[in-house]
Structure formats: structure tokens, C-alpha cells
2 protein chains.
Amino acid sequence: MSNTKVLPLLEPADGKAVAPCCPPLTERPFTAEEAETAARMFKALGDPVRLRLFSAVASHEGGEACVCDISDVGVSQPTVSHHLKKLKEAGLLTSERRGTWVYYRVEPSVLAAMGKLLAIAPAAT
Amino acid sequence: MSNTKVLPLLEPADGKAVAPCCPPLTERPFTAEEAETAARMFKALGDPVRLRLFSAVASHEGGEACVCDISDVGVSQPTVSHHLKKLKEAGLLTSERRGTWVYYRVEPSVLAAMGKLLAIAPAAT
DNA sequence: CATCTATGTTGACATACGTCGAACCAGTGG
DNA sequence: CCACTGGTTCGACGTATGTCAACATAGATG
């Protein structure tokens with residue numbers, strides 16, 4: 001897969017311009033800016049409910065899931081919506097309305113960026 | 001001080017040293033328990049100051065750093081200490097006092113666990 | 001022991017965060 | 001046009017979090 005276009009960790013989608021983020025955590029000390037950017041994403045995954053939602057979307061068939069399919073995480077529906085919004089703002093998910101339902105899908109480039117950040121050795125299993 | 005403490009991200013396996021707490025994020029929806037465990041670690045890295053401290057330690061020569069070497073992150077010394085404690089509690093760092101100074105080093109297994117969690121595809125680097 | 005330096009702990013405070021119920025908006029189908 | 005279902009936004013509330021100043025502790029050194 002050499003044709004995969006790697007996107008910045010956080011998309012400058014709605015006014016928030018962010019750099020292509022960061023070197024591996026182990027390469028050199030993060031600058032304040034880099035830390036700010038990367039921390040935003042870690043923070044987004046730093047809540048159990050959000051992590052479950054993210055995992056639910058990521059593991060759902062077709063790579064996307066309707067809210068109705070994943071909203072059984074033990075909190076009220078508004079709270080689910082709130083967390084999905086946070087994940088979207090962090091650039092981890094995208095949403096699309098199709099008729100009655102709203103579908104969320106994972107932004108794949110973000111996982112890749114996170115991998116580089118962690119300096120993961122490929123296939124080290 | 002021997003660090004026999006089991007890392008939060010890693011479940012205590014009876015015979016083996018440590019085992020990953022969670023499946024890859026994309027494999028199946030996280031359970032509440034798994035999410036709780038993994039979120040704790042993401043949360044720990046979800047603060048800019050902590051991320052800088054962690055990165056500073058991780059990238060420091062020898063894989064360890066004295067507090068005095070990394071405490072220049074724009075906050076007061078007590079705050080640095082507070083954040084280092086949090087990172088330690090999250091299982092990301094270990095500390096050891098040697099004479100006057102206290103040295104922190106990264107717990108490598110945690111980075112590996114995080115990598116598995118992210119199910120990173122072979123990075124193009 | 002006295003004292004100095006390097007870190008950690010405590011208490012207080014402002015802010016951010018997660019949560020809910022109620023109100024609101026978007027499509028669908030009568 | 002109206003009711004109904006799926007989702008989002010709003011307002012409020014309690015709790016967690018990041019921060020600092022002040023104090024406490026651990027070694028080193030005189």
C-alpha cells in the first residue's frame with residue numbers, strides 16, 4: 001500500500017489550522033505546540049465512553065456505523081451525541097447523514113498518525 | 001524500589017509477565033471494562049504538559065531522564081511533579097531515586113500495548 | 001547537627017468535563 | 001400539514017482536573 005495518502009493528525013477542517021503534527025514520541029522532546037496538538041487526540045480517546053464509541057464504529061461492518069447501532073454504551077442518547085461530536089472535533093470520526101440515520105466512520109489517517117507517534121514497529125507481534 | 005507493580009494497561013497474567021488488556025480498537029467493540037482500562041492511558045497522555053514530559057523522558061539519552069532535565073515545560077515545579085506522578089500511576093513511567101536526583105524512564109511494554117491497540121498497519125515511515 | 005538542593009505533598013482555587021432532561025431540528029410517512 | 005422517529009443542541013449541575021504557593025521530605029555536604 002504505497003498509494004495511501006497520509007493526512008495530518010488533525011485536519012484543519014473548520015478554522016483550526018494544525019501542523020502535520022508530530023515526530024515519534026521517542027525521537028525528541030515535543031514542543032509545546034506539538035504537545036498541544038497530539039494531546040487533543042489522546043484526550044479525545046481518554047474517556048471510556050468515547051473509546052467504546054470509537055471502537056464500535058471502527059469495528060463495525062463496512063467501517064461505518066449508524067448512531068442507533070452503537071448508542072448502547074450505558075449513557076443517555078444526548079450524551080452519546082455529545083461524545084461523537086467530540087470525536088469528530090478531534091478529527092477521529094466523520095459523520096454523514098443518509099436519510100433518517102446519521103453514519104459515523106473512522107478517519108483512517110489518524111490511526112496511522114498515531115502509530116507513527118508511538119513509533120510502533122510494524123508487525124512486531 | 002523494585003517495580004513489581006502491574007501496569008494498568010496490562011492485565012496480570014498468572015504465569016506470564018504481562019498481557020495486553022484489550023483487542024485492537026478495530027477488532028470488535030470494547031467492553032466497558034476494556035474501555036475503562038485503555039482510556040486511563042490515553043487520558044494520561046491527553047494533557048500537553050504530560051505529553052511533553054513523557055516525550056522528554058522517552059527521547060532522552062539512555063531512555064531515562066532526571067526531573068531536573070525535563071522540568072522546563074512552562075509550569076511550576078510542583079505541577080511537574082504532579083504530572084509525573086500521574087504518568088507513573090498510569091503505568092507509563094517508572095521512577096527511581098539515585099542519590100540526590102530522581103530518574104524517570106519509559107515503560108516500554110506500554111508503548112507496545114498501545115501499538116497493538118491501534119492495530120497499526122505497516123507504517124510507510 | 002545545620003543547611004542547602006532536589007522532589008514530592010497539601011490545600012485551595014478556577015476551569016473543564018461528563019452527564020442528564022428538555023427543547024429543538026431533520027426526514028419519513030400518513 | 002401533522003405526527004412520529006432518529007439525532008443534536010441547550011441549560012444546568014456535580015465532579016474531576018490543572019495550577020500554584022506553601023510546606024514537607026530525602027540526600028548530600030559541611
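Just so we're on the same page: letters track the sequence lines, and every chain starts at 1.
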For [X] and [N], give me the distance from atom [atom1] to atom [atom2], rounded to whole Å.
X         : N       : atom1 : atom2 : result
Glu96(B)  : dG27(D) : CD    : C1'   : 15 Å
Leu84(B)  : dT9(C)  : CG    : P     : 11 Å
His82(B)  : dG11(C) : NE2   : P     : 15 Å
Ile70(A)  : dG6(D)  : CD1   : C1'   : 13 Å
Leu51(A)  : dG18(C) : CG    : C1'   : 15 Å
Lys85(B)  : dG18(D) : NZ    : C1'   : 14 Å
Trp101(B) : dG8(C)  : CH2   : C1'   : 17 Å
Asp47(B)  : dT15(C) : CG    : P     : 17 Å

Legend entry - Name of the residue among Asp47(B), Val57(B), Leu93(B) meeting side chain to side chain contact (heavy atoms under 4.5 Å, CB included) with Leu87(B):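 One option only clears the test, and that one is Leu93(B).
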
Nearest to the side chain of [X] - [options]?
X         : options                   : value
Arg97(A)  : dA26(C), dT8(D), dG18(C)  : dA26(C)
Pro78(A)  : dT17(D), dC20(D), dG21(C) : dG21(C)
Gln77(A)  : dT8(D), dG8(C), dT19(D)   : dT8(D)
Cys66(B)  : dT7(C), dA26(C), dT19(D)  : dT7(C)
Ser76(A)  : dT9(D), dC20(C), dG18(D)  : dC20(C)
Lys43(A)  : dA16(C), dG18(C), dA26(C) : dA16(C)
Thr100(A) : dC20(D), dG18(C), dG6(D)  : dG6(D)

Inset, instruction - Starting from the 5' end of DNA chain C, give me the residue, Val102(B) or Arg50(A), whose nearest nucleotide shows up first. - result: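 This one resolves to Val102(B).
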
Legend entry - Closest-nucleotide ordering on DNA chain C, the 5'-leading residue of Cys68(B) and Val75(A):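 Result of the comparison: Cys68(B).
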
Inset, instruction - Determine, step by step, whether Glu64(B) and Arg98(B) satisfy the salt bridge (charged side-chain N to carboxylate O under 4.0 Å, His left out) criterion, reporting the C-alpha distance in whole Å, the side-chain angles of both residues, the deciding distance to 0.1 Å, and the verdict. - result: CA-CA 12 Å; Glu64(B) 69 174 14; Arg98(B) 286 209 296 276; 2.5 Å; yes

Inset, instruction - Please determine if Arg28(A) and Glu34(A) form a salt bridge, counting it only when a charged side-chain N lies under 4.0 Å from a carboxylate O. - result: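 Salt bridge present between Arg28(A) and Glu34(A).
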
Legend entry - Glu61(B) atom CD, neighbour heavy-atom count above 12 within 6.0 Å: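 It does not: Glu61(B) CD has 12 such atoms or fewer within range.
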
Mind checking if [X] touches a base, just sugar-phosphate, or nothing, with heavy atoms under 4.0 Å?
X         : value
Val49(A)  : sugar-phosphate
Arg98(A)  : nothing
His83(A)  : sugar-phosphate
Thr79(B)  : base
Tyr104(A) : sugar-phosphate

Legend entry - Six-ring centre of Phe30(B), Arg52(A) cation under 6.0 angstrom, axis tolerance 45°: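 Not satisfied by the 6.0 Å and 45° rule.
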
Legend entry - Same cluster (ILVMFWY, side-chain, under 4.5 Å), Trp101(A) and Val67(A):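 Unlinked, Trp101(A) and Val67(A) end up in two clusters.
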
